Amino acid sequence: MIEEAKQYIPGGVQHNLAFNYPFPLAVAKAEGPYLYDVDGNRYVDYLQAGGPTLLGSNYLPVQEKAISVIKESGPCTGLFHEYEMKLAKIIHENMPWVEMYRSLASGTEADMIAIRIARTFTGKQRIVKMGGAYHGFSDQLVYSLHIPGTKTFEAHGIPKEVSANTREFYPGDIDGLRKVLEANEKEGGTAAVIVEPLGPESGTRMVSENFNAKVRELCDEFGALLIFDEVVTAFRMGPGGAQGYFNVKPDLTVFGKIVAGGYPMAGGVGGRADIMSCVAAGVKPGKPKAYVGGTLSANPLSCAAGYYAIQEIIKQDAAKKAGENGDKLCEGLVKLIDQYELPFVAWNIGSIVHFEISGVMYLSVEDPELMQKIPARQHCIEEFGAALTANGVITLAGSRIYTSMADNDETIAFTLNAFEDIFKNLER
Ligand SMILES: Cc1ncc(COP(=O)(O)O)c(C=O)c1O
C-alpha cells in the first residue's frame with residue numbers, strides 16, 4: 001500500500017512523527033491503548049496520535065456524542081453554534097486564566113496567531129522562544145528547532161527576513177533570557193516570550209520547577225506578554241494544564257490536538273479578555289485587530305468532540321490515571337536500563353515519558369562534528385524504534401511515550417518485555 005501511496009503522496013507518508021525505517025506502517029485503526037496495521041498486527045500505542053487521546057483512542061462515549069452531533073447539526077454550519085461556547089466555557093472552568101478563547105484549526109495556527117495577538121496588543125515586534133522548542137511550522141517559528149542555537153537551519157523555503165524578529169534563549173537559562181530581553185529593548189522591545197512550560201519538546205530538556213515563575217517575572221519587568229504553548233500539557237498535566245500545575249499565569253495560552261479530543265480541526269488560543277479582544281471576528285475599521293480566519297474552524301463536530309472529551313477527562317480523572325501508568329512504565333524502564341548497564345536515560349512527568357537512546361537533541365551547535373553526528377544518532381533512534389515496532393510497541397519518534405488512561409498492567413508489562421528483549425540483544 002505504501003509503495004502505491006508513494007506514487008501519489010511525497011514519500012508515501014504525511015506525518016512527521018511516522019516511522020519510516022525500514023518502511024512506514026499502514027495503520028488500519030486506533031482503539032483504546034492499541035494501534036492495528038493493515039496486516040492485522042497489534043501494537044501498544046504510545047504515539048497517541050501525537051498526544052490528544054488521553055482517554056485512549058476512539059473512546060466510545062465521545063464517539064457516540066460526535067456521531068449524534070453530525071446527525072443533528074451536520075459537521076459544520078459556517079455560523080455560530082452552541083458547542084463553540086460550551087468548549088470555550090469548559091476550558092475556562094478548568095483553566096480560569098483562559099478568560100476568552102478562539103477556536104482554530106491546529107496548534108501551528110494557534111501559535112502563529114498568539115504571537116500576532118501579542119504584537120497587536122503590545123505594539124512591539126520581537127518575540128522570544130526557547131531554543132529547541134517546537135511551536136508548529138509557521139514561518140516565524142521554524143527557528144532553532146530540536147537543537148538550541150540552530151536558528152534557521154531547518155527553515156528551508158522561508159525567507160531569512162521573516163525570522164528577523166524572532167530570538168531565542170537557551171533552555172532554562174533565565175540570565176540568558178534577561179540578556180535577550182535587554183537587547184530587545186534597544187530594538188523596540190519584546191511583544192512576547194513563548195515557552196513550552198515543561199521545557200522544549202515536552203521537557204526533552206527539563207526546566208527547573210520555578211523556571212516559569214521566573215519567566216513570568218521577567219515578562220512583567222520588560223512589558224512582554226507570556227505565552228504558554230500547552231498543546232501537549234493542557235489537560236495532560238491535570239485539569240488546570242501546566243499553568244495550574246506550576247501556578248503561573250500566562251497572558252495567552254496555545255492549545256492544540258486535545259481541544260478536539262483527537263478529532264480534526266484541533267487548535268485554539270485563549271487568555272486575558274482584554275488581550276483576546278484583539279481577535280474579535282469581522283474586519284472593522286478603528287481599533288487594530290489581529291487578522292484571523294479559518295472557514296471550517298469552530299465547527300460543531302470539533303467543538304463538541306473537544307467539549308465531551310474534556311468533560312470525560314475530568315470525570316474519569318484521566319490525567320491522573322494516565323500519569324500513574326507513565327510512572328509505572330518509567331520505573332520499569334529505569335530498572336531495565338540499570339539491570340543491563342546501558343548508557344540510556346528515562347524520566348517522566350506523569351503521562352509524558354522520555355527515553356534517550358542517542359541524545360540527538362542534546363547535541364551542541366558548538367560541536368564541530370555536529371553535521372556528522374546528527375544523522376548517525378538519528379539512525380540509532382530509527383533502529384531502536386524499528387526494533388520496538390517489531391516487538392509490538394509504537395513510540396513517538398523513538399524517544400517519547402505518551403501514556404493514556406487506557407493503558408493497564410498488561411500493556412505496561414508487554415512494553416517492558418519488548419524493551420528487555422531489545423536491551424538483551426543490543427550489540428556492544
Ligand atoms: C508544543 C507544540 N506546539 C505546537 C504544535 C503544533 O501543533 P499542530 O501539529 O496541531 O500544528 C505541537 C505539535 O506537536 C506541539 O507539540
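Everything numeric here is computed off the predicted structure, so don't read it as measured data. Order of listing sets the numbers, starting from 1, for every ligand and every atom in it.
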Considering only protein heavy atoms, which is closest to atom 13 (C) of ligand 1, and at what distance to one decimal place?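 That would be K257 NZ, 3.2 Å.
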Suppose we measure from atom 15 (C) of ligand 1 to each protein heavy atom; which comes out shortest, and what is that distance?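 Closest protein heavy atom to atom 15 (C) of ligand 1: V231 CG1, 3.7 Å.
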Protein non-hydrogen atom below 4.0 angstrom of atom 9 (O) of ligand 1 present: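 No; the ligand atom in question lacks any protein heavy-atom contact below 4.0 Å.
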Take atom [atom1] of [X] as the centre, draw a 6.0 Å sphere, and report whether it contains more than 12 heavy atoms from other residues, nucleotides or ligands.
X	atom1	value
E4	CD	no
Q7	CD	yes
F137	CZ	no

Is there any N or O on [X] that sits under 3.5 Å from an N or O of ligand 1?
X	result
E196	no
Y134	yes
G107	yes

Answer yes or no for R205 and Y362: cation-pi contact, defined as NZ/CZ to six-membered ring centre under 6.0 Å and angle to ring axis within 45°.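 Judged by the rule (NZ or CZ under 6.0 Å from the ring centre, within 45° of its axis), R205 counts as positioned above Y362.
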Which of the numbered atoms in ligand 1 are below 4.0 angstrom from a heavy atom of [X]?
X	answer
V232	16 (O)
D229	1 (C), 2 (C), 3 (N), 4 (C)
S106	10 (O), 11 (O)
D111	3 (N), 4 (C)

Hey, is T108 touching ligand 1 through its side chain, its backbone, both or neither, going by heavy atoms under 4.0 Å?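 Answer for T108: both.
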Is the F153 to H146 ring centre distance short of 6.0 Å?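 Ring centroids of F153 and H146 are no less than 6.0 Å from each other.
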Check the angle between the aromatic planes of F384 and F355 and answer parallel, tilted or perpendicular using the 30° and 60° thresholds.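 Because their plane-to-plane angle lies in the 30° to 60° range, the rings of F384 and F355 count as tilted.
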Any chance the side chains of T53 and Q48 put a donor and an acceptor closer than 3.5 Å?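 A pair is found: one side chain offers a donor N or O, the other an acceptor, under 3.5 Å apart.
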Among residues two or more places apart or on two chains, list those pairs meeting salt bridge (Lys or Arg N to Asp or Glu O under 4.0 Å) that have a residue in residues 248-258.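 Non-adjacent pairs meeting salt bridge (Lys or Arg N to Asp or Glu O under 4.0 Å): R216-D251, D251-R272.
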